[in-house]
Number of protein chains: 2
Amino acid sequence: MARYSKIKNILKSRNLRITDGRVDVLEFFFRKGKTLSIKEIQEELKDSDRVTLYRILNAFTENGVLHKIPDDSGQVTFGLCHDTCDAEDHNHDHMHFKCLDCGTIECLEQQVPEVSIPGYQVKEANLILKGLCKSCAA
Amino acid sequence: MARYSKIKNILKSRNLRITDGRVDVLEFFFRKGKTLSIKEIQEELKDSDRVTLYRILNAFTENGVLHKIPDDSGQVTFGLCHDTCDAEDHNHDHMHFKCLDCGTIECLEQQVPEVSIPGYQVKEANLILKGLCKSCAA
DNA sequence: GTTTATGTACAACAATGTTGCAAAAATGCA
DNA sequence: TGCATTTTTGCAACATTGTTGTACATAAAC
Ligand SMILES: [Mn+2]
Ligand SMILES: [Mn+2]
Ligand SMILES: [Zn+2]
Ligand SMILES: [Zn+2]
């Protein structure tokens with residue numbers, strides 16, 4: 001499927017209107033094929049309004065288009081959600097990897113191992129690995 | 001050991017000078033016995049300078065007194081490090097739990113399970129669980 | 001094409017974090 | 001204790017990041 005059609009479908013399936021800004025943001029995610037920080041998106045889409053960009057990213061996060069990736073740097077990073085995510089049910093059960101050399105944050109295919117803590121009710125688990133990514137370790 | 005002596009020892013062992021502000025921050029951590037956000041610390045130490053507080057927290061983080069806990073909320077949270085941490089070697093290999101009800105973030109005793117990813121060099125792993133904490137689940 | 005719900009642009013604000021620097025305090029030593 | 005040295009603080013100013021209100025523009029539905 002052509003990329004633009006794919007993007008339109010994603011937006012439609014989440015009941016989000018197809019607007020230039022939203023298409024541009026999603027197109028950038030597909031083109032780069034990696035997680036992106038707000039700063040990177042802003043640098044790419046220089047002439048778009050900052051407030052609008054925040055609202056787009058919030059809408060995407062609330063509706064299962066993107067997911068936020070926790071990171072102690074404070075810099076928020078976003079990754080594309082799986083097709084199965086929607087407003088009610090995000091599935092962020094995969095691991096993330098942050099490269100200490102190039103700074104890239106990747107979504108990994110591997111699932112986070114199940115953990116149970118006596119007395120606690122675990123609903124979600126985020127595992128962030130740090131080290132050297134495939135390219136930087138080679 | 002008295003709390004103030006303990007605090008002095010921590011600072012001395014990290015080659016940090018013993019100042020009122022630093023003692024107050026550490027005393028607050030020991031008194032609460034839990035992780036604290038910058039906001040909580042600011043609210044407790046109302047008349048301390050904001051810049052100084054940031055510098056204290058940075059010094060503590062760099063020298064193995066506190067560790068930052070990743071969280072997709074963007075709110076930075078700090079927890080006390082183990083005695084064994086120093087500037088060269090932080091050990092943050094325990095899991096964290098964020099309660100979706102009361103918002104508290106706890107350091108858990110449990111270690112993060114070892115993970116290896118082919119081609120990657122994993123140096124550090126952070127696992128953040130979300131759900132209901134012991135008090136809120138009961 | 002007209003209507004209506006939704007999204008955008010702009011301005012203004014709020015919160016969060018950083019830098020430079022002079023004054024103050026902590027440490028080490030005579 | 002008194003003094004020199006080094007580190008830390010307090011303040012002002014700035015930078016970055018994120019939010020809110022609102023009039024206008026646009027997408028979707030009819
Ligand atoms: Mn991901
Ligand atoms: Mn911890
Ligand atoms: Zn890398
Ligand atoms: Zn709780």
Side-chain angles (χ1 to χ4, degrees), chain A residues 4-5 7-28 35-78 86-87 103, chain B residues 4-5 7-28 36-66 68-78 86-87 103:
Chain A
Y4 180 55
S5 299
I7 289 172
K8 279 198 295 185
N9 282 343
I10 290 175
L11 292 173
K12 272 184 195 156
S13 71
R14 269 71 168 196
N15 288 312
L16 294 170
R17 291 192 173 178
I18 297 158
T19 67
D20 293 359
R22 287 173 176 171
V23 172
D24 286 349
V25 169
L26 273 186
E27 197 278 331
F28 188 43
T35 67
L36 296 169
S37 67
I38 293 188
K39 187 176 281 184
E40 287 174 295
I41 302 168
Q42 276 179 324
E43 277 164 11
E44 173 72 13
L45 308 172
K46 282 188 192 65
D47 43 352
S48 73
D49 185 67
R50 209 164 50 89
V51 177
T52 301
L53 181 54
Y54 275 104
R55 290 203 255 233
I56 289 174
L57 293 173
N58 283 342
F60 283 1
T61 304
E62 280 163 15
N63 292 281
V65 179
L66 297 177
H67 59 282
K68 282 191 184 181
I69 302 163
D71 174 11
D72 54 14
S73 84
Q75 272 257 56
V76 182
T77 305
F78 293 88
D86 61 27
Chain B
Y4 180 54
S5 299
I7 289 173
K8 279 199 295 186
N9 282 341
I10 290 175
L11 292 173
K12 272 185 195 156
S13 71
R14 268 71 167 198
N15 287 312
L16 294 170
R17 292 191 173 179
I18 296 157
T19 67
D20 293 358
R22 288 174 176 171
V23 172
D24 285 349
V25 170
L26 273 186
E27 196 277 329
F28 188 43
L36 296 169
S37 67
I38 294 189
K39 186 176 278 182
E40 287 174 295
I41 302 169
Q42 276 179 326
E43 278 164 11
E44 172 73 13
L45 308 171
K46 282 188 194 63
D47 43 353
S48 73
D49 184 66
R50 210 165 50 90
V51 176
T52 301
L53 182 55
Y54 276 105
R55 290 202 259 232
I56 288 174
L57 293 173
N58 283 342
F60 283 0
T61 305
E62 279 163 15
N63 291 282
V65 179
L66 297 178
K68 282 191 186 182
I69 302 164
D71 174 12
D72 55 13
S73 85
Q75 273 259 52
V76 181
T77 304
F78 293 89
D86 61 28

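Every chain is numbered from 1, with letters handed out A, B, ... down the list of sequences.
Atom OG1 of residue B:Thr52 and atom CZ of residue B:Arg22 lie 10.0 Å apart, to the nearest 0.5 angstrom. Taking CG of B:Asn58 as the start and CG of B:Leu53 as the end, the distance is 9.5 Å to the nearest 0.5 Å.
Distance CG (B:Leu57) to P (C:dT16): 14 Å, rounded to an integer number of Å. In this structure, the CD1 atom of B:Ile56 is 15 Å from the P atom of C:dT18, given to the nearest Å. Rounded to whole Å, the distance from CD on B:Gln42 to P on C:dA14 is 17 Å. Separating the CG atom of B:Asp49 from the C1' atom of C:dC21 is a distance of 14 Å, rounded to the nearest angstrom. Residue A:Arg22 contributes atom CZ, which lies 15 Å from atom P of D:dT26 at whole-angstrom precision. To the nearest angstrom, P of D:dT19 lies 12 Å from CD of B:Gln75. Going from atom CD1 of B:Ile7 over to atom P of C:dA26 covers 16 Å, rounded to whole Å. Rounded to whole Å, atom P of D:dG18 lies 14 Å from atom NZ of B:Lys39.
A:Thr19 has a side-chain polar atom (N or O) that falls below the 4.0 Å cut-off from OP1 or OP2 of C:dT8. Residue B:Thr52 places at least one side-chain N or O under 4.0 Å from the OP1 or OP2 atom of D:dG10.
For B:Arg55, the side-chain atoms get nearest to D:dG10 when compared with the rest of D:dG10, D:dT8, D:dT19. Nearest to the side chain of A:Tyr54, among C:dA26, C:dG7, D:dT17, sits D:dT17. Checked against C:dT27, D:dC11, D:dT19, the side chain of A:Asn58 finds its nearest nucleotide in D:dT19.
The nearest heavy atom of DNA chain C to A:Asn15 and to B:Ile38 marks one nucleotide each, and the one closer to the 5' end goes with A:Asn15. Across the interface with DNA chain C, nearest-nucleotide mapping of B:Lys12 and B:Val76 shows B:Val76 to be the residue nearer the 5′ end. Positionally, the nearest nucleotide of DNA chain D for B:Arg17 lies more toward the 5' end than for the other of B:Arg17 and B:Gly21.
Heavy-atom minimum distance, B:Phe28 versus B:Ile41: CE2-CA, 3.9 Å.
Under the 3.5 Å distance criterion, the side-chain polar atoms of A:Glu40 are matched with a main-chain donor or acceptor of A:Ser37.
In this structure, B:Phe60 and B:Leu11 have side chains that are in contact, with non-hydrogen atoms separated by less than 4.5 Å.
The base of D:dG18 sits within donor-acceptor range of the side chain of A:Arg50, with an N or O pair under 3.5 Å.
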